[in-house]
Number of protein chains: 2
Amino acid sequence: MKKKVSIRDIAERAGVSIGTVDRVIHNRGRVSEKTRKKVLHICEEMNYEPNVLAQRLAADKAYIIATFTPKPRRDNAYWRFPLEGINKATEEIAGYRVTVKQFFFDINDEESFRHESLNMLVTQPDGVLIAPIFHREARDLARKLDLNNIPYVFIDSRIEGTNYLSYFAQDPFRSGYLAGRLIWFHLKKHSEVLVVNFTADLENHLHLKQREAGLRQFMKEQNYKGHIRSLNISPRDELLLSHKLYENIHHKTRGLFTTSSAHKVARSIRKIRKKELMFVGYDLTPDNVKYLNQGIIDVLLCQKPAAQGYGALRALFDHLVRRKEVSKEHPMPIEIVVKENYEDYSDI
Amino acid sequence: MKKKVSIRDIAERAGVSIGTVDRVIHNRGRVSEKTRKKVLHICEEMNYEPNVLAQRLAADKAYIIATFTPKPRRDNAYWRFPLEGINKATEEIAGYRVTVKQFFFDINDEESFRHESLNMLVTQPDGVLIAPIFHREARDLARKLDLNNIPYVFIDSRIEGTNYLSYFAQDPFRSGYLAGRLIWFHLKKHSEVLVVNFTADLENHLHLKQREAGLRQFMKEQNYKGHIRSLNISPRDELLLSHKLYENIHHKTRGLFTTSSAHKVARSIRKIRKKELMFVGYDLTPDNVKYLNQGIIDVLLCQKPAAQGYGALRALFDHLVRRKEVSKEHPMPIEIVVKENYEDYSDI
DNA sequence: TAGGTTTGCGTGTACGTACACGCAAGTTTT
DNA sequence: AAAACTTGCGTGTACGTACACGCAAACCTA
């Protein structure tokens, strides 16, 4: 194939040294206007494109990317998945002089977010991946990063009004809307649907609220006449869950939608006759998958957490190292997972 | 941060020259067993990983990758998608001295496959991506490539008994099995299911046959007592389709499964009352999506054709350029697509 | 006008790897 | 035993770019 032109070729043709060409290309100044024009013209003419390999090799800069996510724990298996994606991307970009440092905070403790974010900042990262669980604290962190001109990417959700490089998250309303469709397949004319929100403060977990809103919107658009009940229950009252469910599920109930922690609801309703009930929940955690396999849960909506971690890290890499344009928006697909295809989603 | 170890570091620690380390790493021989072991041991110990950039720069080889897929046409929109994935991957690896050349054949003409494959071979590609539509011809091509030690990757399906580097395709049986589950959600005790195979020769399109087999297997395992009809119709008899469908769909029919060309069936049954019928088909072609949006088709199973093209090209890149181990098996996930999330699948 | 600064350019080394070559010591062939 | 290989290793150059350094000539300052 036709050989690529190098700055040496340019230099030769222009009758100058490669140093001069280098200065022109990088706008380092100290070149006469006449020479500059000439070199640029020849670059154009010979269709010069820099050799990325040689650039990176010569630049020899070691990048540091920091990740900042909730610490995965037994009752919080979900956050292992983004880490898997992060680890995969880390492996792939090994050899490019990029160091990825992982930092964690406690998902139930705003203070740990503040504290650990400082630990992260002192490593002087060149880019940061953030799961902005705590709105206010995450916004403060974003501001600091903006001040220092450090690019950052959000996963899971995003903070409006910040200057993020990109985000990778699912639209909660749309996913609820889709859940509506799935339950709809199974409904009869006079059935009922039960929505379970497992949280103490629905207003502080807007994505759960939006999931429910999406489902109700769908039913409304279908002119569904049956009743849609909501059951909001705090994690503190977990012991009451079983009782509450029995109270709210009866022979007309043909749809069940949990906006989080599907496995807890699944455990409670194990004994209810199942073929009658279309049960849709979220996320492929091991606990949830167990009940999916048992046929208690029918569908799990997946937000591809591993892909989020993977994509976000690669976005930072593309931006920092490869200097490529990165798309600012990355709405994650809403994956429909049933017993028969959940294996497809066990890896990234 | 900790500097990456180079072969120089290895050489220093081992008390040999970098040339020796190079010979060990590349198995060029002419190194005493003792030295070899020592160097390898130190590589392990220092966790040496080659710098891809420097490797590529030094090798200074320009790779050629050829792709060989059906030419996308108006009645064959599907094959645009793999190309999109191929183009995306091509962009990503631009700058690594890799040239991707696309070759096409006519999906209805075995002769064009043979002919174009020769055109492809004369470019002396270093790796090939193949859509093995014609079993016998594809096998011949694979043999030639094997003889010349040119690695190749299959998409869409694979030819058993060949020495492919990797494949990216969906398991047709499993996808039919999954379709069974989806239709099952909608069935009543005494309903019927209709399966439509749109082909002249089911034996020559085994993946369609396997899709149907998967569905039947699922129903069998559920102890489904209702009837499952099969309607095999040749594309030549397309005009009869409408009539045949009316003949085979009646008030008890609550499931409709097309193993291909869903849009043609959809067009024919537009006028049949719909809410009663759960219609599952394959592939997100524009025609199919149109009927998905109109509510005629309920679910499309997607085999991620763009991801297949993308993954296959990257696999070749990883193998040739990055010399990384490539997984031989890449079963594609079976994506469940409904009206409410099809947009998520419009890009890669 | 001596001294300093700026402008404009070339040279040299480094990045990490591949590979051709060379050379001494040991081994086989004639 | 001389000639011809083989084994085991080191050296040197190339890949294309970045960047520090150096050095004239031109320009400015006091």
Side-chain angles (χ1 to χ4, degrees), chain A residues 1-40 42-43 46-63 93-98 320-323, chain B residues 1-40 42-43 46-63 94-98 320-324:
Chain A
M1 297 307 84
K2 51 178 188 279
K3 276 207 80 166
K4 272 248 177 184
V5 296
S6 71
I7 58 170
R8 193 184 320 290
D9 302 324
I10 305 286
E12 205 164 311
R13 183 91 88 91
V16 297
S17 77
I18 60 168
T20 304
V21 177
D22 177 68
R23 272 183 292 267
V24 170
I25 290 173
H26 291 83
N27 286 316
R28 292 193 221 280
R30 298 173 67 111
V31 179
S32 74
E33 191 53 28
K34 196 177 148 194
T35 312
R36 211 181 75 88
K37 285 238 173 85
K38 188 173 176 186
V39 168
L40 282 179
I42 293 184
C43 280
M46 300 182 75
N47 203 8
Y48 168 74
E49 279 183 31
N51 182 322
V52 195
L53 298 156
Q55 273 182 329
R56 287 279 301 127
L57 184 62
D60 194 37
K61 169 157 169 63
Y63 289 93
I93 63 183
Y96 288 84
R97 294 259 190 154
V98 179
L320 290 171
V321 178
R322 307 182 60 195
R323 315 234 161 154
Chain B
M1 297 314 83
K2 51 175 189 282
K3 280 204 76 165
K4 267 253 173 185
V5 296
S6 72
I7 58 169
R8 194 185 319 287
D9 301 326
I10 305 285
E12 205 164 310
R13 183 92 88 94
V16 297
S17 75
I18 60 167
T20 305
V21 176
D22 178 68
R23 273 183 291 267
V24 170
I25 290 172
H26 293 83
N27 285 315
R28 292 192 220 280
R30 300 174 66 113
V31 179
S32 75
E33 191 54 27
K34 198 177 146 194
T35 312
R36 210 181 75 86
K37 284 240 173 80
K38 189 173 174 186
V39 168
L40 282 179
I42 292 183
C43 281
M46 300 182 73
N47 203 8
Y48 168 75
E49 278 185 33
N51 182 321
V52 196
L53 298 157
Q55 273 183 330
R56 289 282 298 126
L57 185 62
D60 194 36
K61 171 164 167 56
Y63 288 94
Y96 286 83
R97 293 257 191 155
V98 178
L320 291 170
V321 178
R322 308 182 60 193
R323 316 236 158 151
K324 288 196 85 170

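Computed from heavy atoms alone, side chains included, the values below leave out hydrogens, waters and symmetry copies. Each chain gets a letter, A, B and so on, in the order the sequences are listed, and its residues count up from 1.
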What is the distance, rounded to the nearest whole Å, between atom CG of Asp22(A) and atom P of dA20(D)?
-> 10 Å

Indicate the atoms forming the closest heavy-atom contact of Ile18(A) with Ala11(A), along with that distance.
-> N-CB, 3.7 Å

Non-hydrogen side-chain atoms of Val21(B) and Tyr48(B) separated by less than 4.5 Å = no

Atom CE of Met46(B) and atom P of dG16(C): how far apart are they, to the nearest Å?
-> 12 Å

Heavy-atom side-chain contact between Thr35(A) and Val24(A) under 4.5 Å = no

Value in whole Å for how far the P atom of dT17(D) lies from CG of Asn51(B) = 16 Å

Taking all atoms of both residues into account, what is the closest heavy-atom pair of Met46(B) and Asp9(B), and its distance?
-> CE-CB, 4.1 Å

Euclidean distance, atom CD1 of residue Ile7(A) to atom P of dC15(D) [Å, nearest integer] = 13 Å

Within residues 19-32 of chain B or reaching into it, pairs that qualify as salt bridge (charged side-chain N to carboxylate O under 4.0 Å, His left out) - sequence neighbours excluded | Asp22(B)-Arg28(B)

Between dT17(D) (C1') and Ile25(A) (CD1): distance, integer Å | 9 Å

Let me know, please, whether Leu57(A) or Arg28(B) comes out on the 5' side of the other along DNA chain C by nearest nucleotide.
-> Leu57(A)

Rounded to the nearest 0.5 Å, how far apart are CD1 of Ile42(B) and CG of Asn47(B)?
-> 14.0 Å

Check nucleotides 9-12 of chain D against the protein and report each pair of N or O atoms closer than 3.5 Å, with its distance, or say if there are none.
{"from": "dC9(D)", "atom 1": "OP1", "to": "Thr35(B)", "atom 2": "OG1", "distance (Å)": "2.7"}
{"from": "dC9(D)", "atom 1": "OP2", "to": "Ser32(B)", "atom 2": "N", "distance (Å)": "2.7"}
{"from": "dC9(D)", "atom 1": "OP2", "to": "Ser32(B)", "atom 2": "OG", "distance (Å)": "3.2"}
{"from": "dC9(D)", "atom 1": "OP2", "to": "Thr35(B)", "atom 2": "OG1", "distance (Å)": "3.2"}
{"from": "dC9(D)", "atom 1": "N4", "to": "Arg23(B)", "atom 2": "NH1", "distance (Å)": "3.3"}
{"from": "dG10(D)", "atom 1": "OP1", "to": "Ser17(B)", "atom 2": "N", "distance (Å)": "3.4"}
{"from": "dG10(D)", "atom 1": "OP2", "to": "Ser17(B)", "atom 2": "N", "distance (Å)": "2.5"}
{"from": "dG10(D)", "atom 1": "OP2", "to": "Ser17(B)", "atom 2": "OG", "distance (Å)": "2.8"}
{"from": "dG10(D)", "atom 1": "OP2", "to": "Thr20(B)", "atom 2": "OG1", "distance (Å)": "2.6"}
{"from": "dG10(D)", "atom 1": "N7", "to": "Arg23(B)", "atom 2": "NH2", "distance (Å)": "2.9"}
{"from": "dG10(D)", "atom 1": "O6", "to": "Arg23(B)", "atom 2": "NH1", "distance (Å)": "2.8"}

Look at His26(B) and dC19(C) and indicate whether a side-chain polar atom (N or O) is within less than 4.0 Å of OP1 or OP2.
-> no

Compute the bend angle of the helix from dG4(C)-dC27(D) to dT30(C)-dA1(D) from the end axes (five pairs per end), rounded to 10°.
-> 50°

Under 4.0 Å between a side-chain N or O of Gln55(A) and OP1 or OP2 of dA18(D)?
-> yes

Tell me, do Asn51(A) and Leu57(B) make a side-chain contact under 4.5 Å, heavy atoms counted?
-> yes

Where is the tightest heavy-atom contact between Val31(B) and Arg36(B), given as atom of each residue plus distance?
-> CG1-N, 3.8 Å

Look at the side chain of Pro50(A) and decide which nucleotide, out of dA14(D), dT17(D), dA18(D), has an atom nearest to it.
-> dT17(D)

At what distance, to the nearest 0.5 angstrom, does NZ of Lys38(B) lie from OG1 of Thr20(B)?
-> 11.0 Å

